[in-house]
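Taking it in order: structure first as structure tokens, then the write-up.
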2 protein chains.
Amino acid sequence: MDNREHPLGLDHSLGFALGVSYRKISALLASRLRPIGLTPEQWSVLARISEKDGQIQKEIAERAGKDKPTTTRILDGLEAKGFITRKIGPSDRRSFEVSLTEQGRNAAELAAPVERDTIREACAGFTAEQYRTMMKWLDAINSNVDRILQPETE
Amino acid sequence: MDNREHPLGLDHSLGFALGVSYRKISALLASRLRPIGLTPEQWSVLARISEKDGQIQKEIAERAGKDKPTTTRILDGLEAKGFITRKIGPSDRRSFEVSLTEQGRNAAELAAPVERDTIREACAGFTAEQYRTMMKWLDAINSNVDRILQPETE
DNA sequence: CGCAATTAGTTGTTACAACAATTATTTCAT
DNA sequence: ATGAAATAATTGTTGTAACAACTAATTGCG
């Protein structure tokens with residue numbers, strides 16, 4: 001991006017703005033998912049599990065955009081509520097295969113439209129095209145950051 | 001936004017994508033601010049304080065996009081590190097006026113370019129125009145969510 | 001004036017997130 | 001086949017966030 005364009009108080013910081021929007025949407029979603037017994041982050045993990053049964057935690061973590069410790073603790077919560085079960089991996093005893101319970105499947109079916117509607121309302125006034133562009137830009141940011149972190153860590 | 005356009009696995013959830021991007025940028029920023037002794041959120045508050053001396057906590061909270069309890073605790077951290085001082089409000093003894101210490105000013109001067117550069121790198125490939133559009137859209141989302149929450153809470 | 005409602009800030013609780021360190025298992029290179 | 005390196009998951013610690021409940025000071029209405 002060109003340099004001298006945004007003078008930069010934090011009013012102009014995308015990182016900051018991203019955080020504010022994320023927190024606002026999360027708070028709204030949290031209030032609506034509470035009756036189902038899910039937090040937004042538990043839902044984001046549960047949704048991944050419901051897409052494919054028997055994934056191991058590492059896979060779930062990657063697909064949910066969370067690190068392994070965070071995933072472990074979210075799964076602990078989901079297991080405590082009876083939404084998932086863990087089964088020792090048959091081919092690799094270090095891993096756990098995660099499955100939905102009947103209750104978990106019910107919760108996921110209730111939660112999906114709640115999230116969909118909430119996002120729609122939050123994006124009122126956006127065209128579908130703008131929505132897609134936004135998603136594409138967020139992806140580009142993710143790739144940029146991944147690329148920066150990669151060589152730094154090596 | 002039009003309804004039937006994004007089939008919606010979580011791959012298509014803006015809320016989710018926002019969270020992933022926010023966390024990635026935060027993590028990168030955290031690693032670079034650590035030598036200065038600041039976390040990203042501490043920096044977001046310190047930046048607001050450095051914009052105007054003597055604000056009370058309520059003002060700072062609003063401008064930083066955080067609630068009062070969170071602001072209290074971030075200020076606790078900044079005070080413990082010697083970056084700010086709190087002084088009882090002369091006209092209202094319930095409030096505290098917050099000021100930077102010399103150390104706090106130094107930290108802010110170090111942190112500002114670190115954040116600016118980090119955001120620039122994260123937005124590599126964006127035109128200034130696209131950057132502004134993105135900010136505008138995030139603002140629109142914030143307004144939408146605020147509008148939804150307002151009547152619900154009343 | 002006087003007391004109820006409001007406001008500024010704090011504290012408690014629960015839930016996430018990042019990082020580091022640890023355990024248990026598996027893989028690989030000799 | 002064996003010991004070092006890698007891998008899956010967990011635990012510990014610190015920091016952030018939302019919500020509710022609380023204290024203390026201030027405002028404003030009757």
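A, B, ... follow the sequence lines: proteins, then strands. Residue 1 opens every chain.
In this model, no side-chain donor or acceptor of K58(A) finds a partner on the base of dA8(D) within 3.5 Å.
In this structure, T72(B) reaches the bases: a heavy-atom distance under 4.0 Å links it to at least one base atom across the strands shown.
If you measure from atom CD1 of I74(A) to atom P of dA15(C), you get 11 Å, rounded to the nearest angstrom. In this structure, the CD atom of E59(A) is 10 Å from the P atom of dA8(D), given to the nearest Å. With rounding to whole Å, I56(B) atom CD1 is found 12 Å from dT26(D) atom C1'. Rounded to a whole Å, the CG atom of D76(B) is 15 Å from the C1' atom of dA17(D). The distance from atom CG of L46(B) to atom P of dT16(D) is 12 Å, rounded to the nearest whole Å. Rounding to whole angstrom units, CD of residue Q42(A) and C1' of dT14(C) are separated by 11 Å. Atom pair E41(A):CD and dA17(D):P shows a separation of 13 Å (rounding to whole Å applied). Regarding L38(B), its CG atom lies at a distance of 18 Å from the P atom of dT14(D), rounded to whole Å.
Among residues two or more places apart in sequence or in another chain, the salt bridge (charged side-chain N to carboxylate O under 4.0 Å, His left out) test is passed with K68(B) by none. Remark: K87(A) pairs with no residue by the side-chain hydrogen bond (donor to acceptor under 3.5 Å, both in side chains) rule, at least two apart or across chains. For Y22(B), the ring pair (Phe, Tyr, Trp, His ring centres under 6.0 Å) criterion is met by Y22(A), not counting sequence neighbours. Every residue two or more places apart in sequence or in another chain that forms a side-chain contact (heavy atoms from CB on, under 4.5 Å) with A64(A) is listed here: V45(A), R48(A), K66(A).
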Original post:
With the sugar-phosphate defined as primed atoms, P, OP1 and OP2, and the base as all remaining atoms, what B/S/- string results for nucleotides 18-29 of chain C, 5' to 3', for protein heavy atoms under 4.0 Å?
Top reply: BBB---BBS---
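With hydrogens and angles ignored, the 3.5 Å screen pairs a side-chain donor or acceptor of E59(B) with a backbone N or O of I56(B).
Nearest nucleotide to the side chain of T39(B), out of dG15(D), dA9(D), dT10(C): dG15(D).
For residues 97-110 of chain B, every residue pair satisfying the side chain to side chain donor-acceptor pair (under 3.5 Å) rule, not counting sequence neighbours, is listed here: D53(B)-S99(B).
Comment: K58(B) does not engage D67(B) in a salt bridge, judged by the lack of any side-chain N to carboxylate O separation of less than 4.0 angstrom.
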